[in-house]
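Beneath this line is the structure, given in structure tokens, with notes to follow.
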Amino acid sequence: MKILNLGCGNETYGDVRVDISQTPATTLLFDMNNKFPLKSNSFDEVYCKSTLEHIKNLGVFVDECYRVLRKNGKTRICT
């Protein structure tokens, strides 16, 4: 199972841990307000905790979460 953690902060949950700034847990840096530099259909789970309030365009964000998920993948968003 491959997990994408968006807005990881210092959390080490997931295989690919994304944030806009480097932390000890971050494995990939990018701005989640734009299209993700990730392959389509590449994750079984997209996890996002305490990040939505920083997203300017929720439509793009949700579309990108869906795009990178594999068939029958799950998105877990905690606010």
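What's counted below: heavy atoms across the whole structure, side chains too, no hydrogens, waters or symmetry copies.
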Is [X] reaching over with its side chain to a backbone N or O of [Y], donor-acceptor style, under 3.5 angstrom?
{"X": "Asp19", "Y": "Thr26", "value": "no"}
{"X": "Arg67", "Y": "Lys35", "value": "no"}
{"X": "Thr51", "Y": "Cys48", "value": "no"}

same_hphob_cluster([X], [Y]) at 4.5 Å side-chain heavy-atom cutoff:
{"X": "Leu29", "Y": "Val16", "answer": "no"}
{"X": "Leu69", "Y": "Leu52", "answer": "yes"}
{"X": "Phe43", "Y": "Ile77", "answer": "yes"}
{"X": "Val68", "Y": "Tyr47", "answer": "no"}

[X] side, atom [atom1]; [Y] side, atom [atom2] - distance, nearest 0.5 Å:
{"X": "Leu28", "Y": "Leu38", "atom1": "CG", "atom2": "CG", "result": "6.0 Å"}
{"X": "Cys65", "Y": "Lys74", "atom1": "SG", "atom2": "NZ", "result": "15.5 Å"}
{"X": "Leu6", "Y": "Met32", "atom1": "CG", "atom2": "CE", "result": "6.0 Å"}
{"X": "Asp31", "Y": "Lys56", "atom1": "CG", "atom2": "NZ", "result": "7.0 Å"}

Checklist entry - Should Val18 and Cys8 be marked as a side chain to side chain contact (heavy atoms under 4.5 Å, CB included) after you check the CA-CA gap, both sets of side-chain angles, and the distance that decides it? => result CA-CA 6 Å; Val18 176; Cys8 67; 5.9 Å; no

Item to check | Check against side chain to side chain contact (heavy atoms under 4.5 Å, CB included), Glu45 and Leu4 | outcome: CA-CA 6 Å; Glu45 179 183 326; Leu4 174 63; over 6 Å; no

Checklist entry - So Phe36 and Phe61, would you call those rings parallel, tilted or perpendicular, with 30° and 60° as cut-offs? => result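 Aromatic pair Phe36/Phe61 classed perpendicular.
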
Next on the checklist: Checking Thr27 against Arg17: is there a side-chain donor and acceptor pair closer than 3.5 Å?
Outcome noted: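 Short answer, no.
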
Checklist entry - Do the side chains of Asn10 and Pro24 get nearer than 4.5 Å, heavy atoms only? => result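 Pro24 vs Asn10: side chains touch.
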
Next on the checklist: Run the side chain to side chain contact (heavy atoms under 4.5 Å, CB included) test on Phe30 and Ile20 for me, step by step, so that the C-alpha distance in whole Å, both residues' side-chain angles and the decisive distance to 0.1 Å come before the verdict.
Outcome noted: CA-CA 5 Å; Phe30 65 82; Ile20 195 164; over 6 Å; no

Taking all atoms of both residues into account, what is the closest heavy-atom pair of [X] and [Y], and its distance?
{"X": "Arg70", "Y": "Asn41", "result": "CG-O, 3.2 Å"}
{"X": "Ala25", "Y": "Thr12", "result": "CB-CG2, 4.0 Å"}
{"X": "Asn33", "Y": "Asn57", "result": "OD1-N, 3.9 Å"}

Checklist entry - So with a 6.0 Å cut-off around OH of Tyr66, is the heavy-atom count from everything else above 12? => result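 Not buried by this count: 12 neighbours or fewer within 6.0 Å.
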
Next on the checklist: Using the rule given for side chain to side chain contact (heavy atoms under 4.5 Å, CB included), can you reason through Val46 versus Arg76, listing the C-alpha separation, both sets of side-chain angles and the distance that settles it, and then say yes or no?
Outcome noted: CA-CA 6 Å; Val46 174; Arg76 293 190 324 147; over 6 Å; no

Item to check | Asp15/Lys2 salt bridge by N-O under 4.0 Å criterion | outcome: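 The answer is no: the pair does not qualify as a salt bridge.
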
